[in-house]
Amino acid sequence: MNEQLQELLAKQAITEVIVRYARALDRMDEVLLRSVFHPGSEHHHFFEGPSSDPSRPSTAEQPGDFVAFALGVLSAHSRTHHHLGNILVELDGPDKARAETYFTAFHRMRPVGDPLAGPDAFDNEMDYFVGGRYLDHFALRDGEWRIVRRVGMTDWTRLEPAQSRGFGSIAPETVGQRAPDDYLYRM
């Protein structure tokens, strides 16, 4: 296969891993989230340590890996939406690559009194926005591109009271849900 086509296919495969990561977070799909990391992957984004190692002991207070940490944090939010922007993939040979991905993440924080509210909950729902970048190192192993190291950069944050005007008039079957209830899992 021609070298340029090989590069394009690698970049597309890497981009799809990044997109699956965002889907996994918003749907809280643990299996999908674990699938974007190679064994031994390291994480440096609100959590320092292994990205995905389900064999490590894990509690809510002491998550064993990033996946456990992320799912715990996101459970304190009733909805999330990770939007990806610019994705620049640079190949470092046939089996290594780096990617910089811009993201904007929306989190609807559960209020005090909700049994799933986090320790930083407010008296009312709050909307927490984060803008930043994922700086990833990828490796191609056994025919699959996956993340081997992630550093998360935070460029800005914003916290404000929740606003949902008109949300109640949306047909319930078209409101995004978490796995396995989202329409995506019935398609």
Side-chain angles (χ1 to χ4, degrees), residues 10-93 95-110 116-121 128-159 178-179:
K11 288 180 177 187
Q12 180 61 35
I14 289 167
T15 299
E16 289 180 19
V17 170
I18 296 166
V19 171
R20 282 195 309 271
Y21 172 83
R23 173 189 279 178
L25 288 178
D26 292 334
R27 304 288 67 86
M28 289 194 57
D29 185 330
E30 181 177 356
V31 172
L32 184 60
L33 187 54
R34 289 193 183 283
S35 77
V36 303
F37 302 106
H38 273 305
S41 177
E42 286 294 316
H43 221 87
H44 308 280
H45 183 58
F46 300 112
F47 177 87
E48 299 286 326
S51 299
S52 176
D53 184 352
S55 70
R56 289 176 58 100
S58 188
T59 65
E61 299 77 31
Q62 199 71 30
D65 62 11
F66 171 77
V67 171
F69 168 80
L71 294 176
V73 168
L74 294 179
S75 69
H77 301 87
S78 59
R79 346 194 125 267
T80 61
H81 183 94
H82 289 74
H83 182 81
L84 304 175
N86 306 337
I87 300 175
L88 179 62
V89 177
E90 298 175 290
L91 298 175
D92 295 326
D95 60 356
K96 292 184 179 157
R98 292 169 285 120
E100 177 188 37
T101 304
Y102 282 69
F103 73 87
T104 304
F106 161 81
H107 308 81
R108 173 64 51 91
M109 297 173 67
R110 297 177 189 274
L116 296 177
D120 56 349
Y128 179 54
F129 300 87
V130 179
R133 293 166 291 132
Y134 304 126
L135 304 178
D136 295 323
H137 289 262
F138 280 82
L140 178 64
R141 296 180 189 159
D142 298 322
E144 286 190 64
W145 285 101
R146 292 187 187 187
I147 299 167
V148 293
R149 184 170 192 272
R150 167 163 284 178
V151 175
M153 304 298 295
T154 302
D155 294 328
W156 57 269
T157 66
R158 181 177 177 153
L159 180 67
R178 292 184 165 160

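- With H107 contributing its side chain and Y128 its backbone, the two residues share a donor-acceptor pair below 3.5 Å.
- Under the ring-ring contact (aromatic ring centres under 6.0 Å, His included) criterion, Y102 pairs with no residue at all, not counting sequence neighbours.
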Go through the steps for H82 and D26 under the test side-chain hydrogen bond (donor to acceptor under 3.5 Å, both in side chains), then give the verdict. CA-CA 7 Å; H82 289 74; D26 292 334; 2.7 Å; yes

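- Every pair tested for salt bridge (charged side-chain N to carboxylate O under 4.0 Å, His left out) that includes a residue from residues 10-20 fails, sequence neighbours excluded, so the list is empty.
- Sorted by first then second residue, the salt bridge (charged side-chain N to carboxylate O under 4.0 Å, His left out) pairs that include residues 41-70, not counting sequence neighbours, are R34-D65.
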Determine, step by step, whether I18 and F138 satisfy the side chain to side chain contact (heavy atoms under 4.5 Å, CB included) criterion, reporting the C-alpha distance in whole Å, the side-chain angles of both residues, the deciding distance to 0.1 Å, and the verdict. CA-CA 10 Å; I18 296 166; F138 280 82; 3.8 Å; yes

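- R141 meets the salt bridge (Lys or Arg N to Asp or Glu O under 4.0 Å) test with no other residue; sequence neighbours excluded.
- The backbone N or O of A99 sits nowhere less than 3.5 Å from a side-chain atom of D136 that would complete a donor-acceptor pair.
- In this structure, F103 and Y134 have parallel ring planes: the angle between them is below the 30° cut-off, well short of the 60° mark.
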F66 vs R150, test: side chain to side chain contact (heavy atoms under 4.5 Å, CB included). Steps then yes/no. CA-CA 10 Å; F66 171 77; R150 167 163 284 178; 5.9 Å; no

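- Paired with S51 under the rule side-chain hydrogen bond (donor to acceptor under 3.5 Å, both in side chains), one option of H44, H43, H45, R146 passes, and it is H43.
- Residues R158 and W156 are in side-chain contact: their nearest non-hydrogen atoms beyond the backbone lie under 4.5 Å apart.
- R27 is linked by a salt bridge (Lys or Arg N to Asp or Glu O under 4.0 Å) to D182, counting only residues two or more places apart in sequence or in another chain.
- Applying the salt bridge (Lys or Arg N to Asp or Glu O under 4.0 Å) criterion to R98, with sequence neighbours excluded, gives E90, D92.
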With side chain to side chain contact (heavy atoms under 4.5 Å, CB included) as the criterion, how do I14 and L91 come out once you've worked through the C-alpha distance, each side chain's angles and the decisive distance to 0.1 Å? CA-CA 10 Å; I14 289 167; L91 298 175; 4.2 Å; yes

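- When side chains are defined from C-beta on, R133 counts as touching D155, because their heavy atoms get closer than 4.5 Å.
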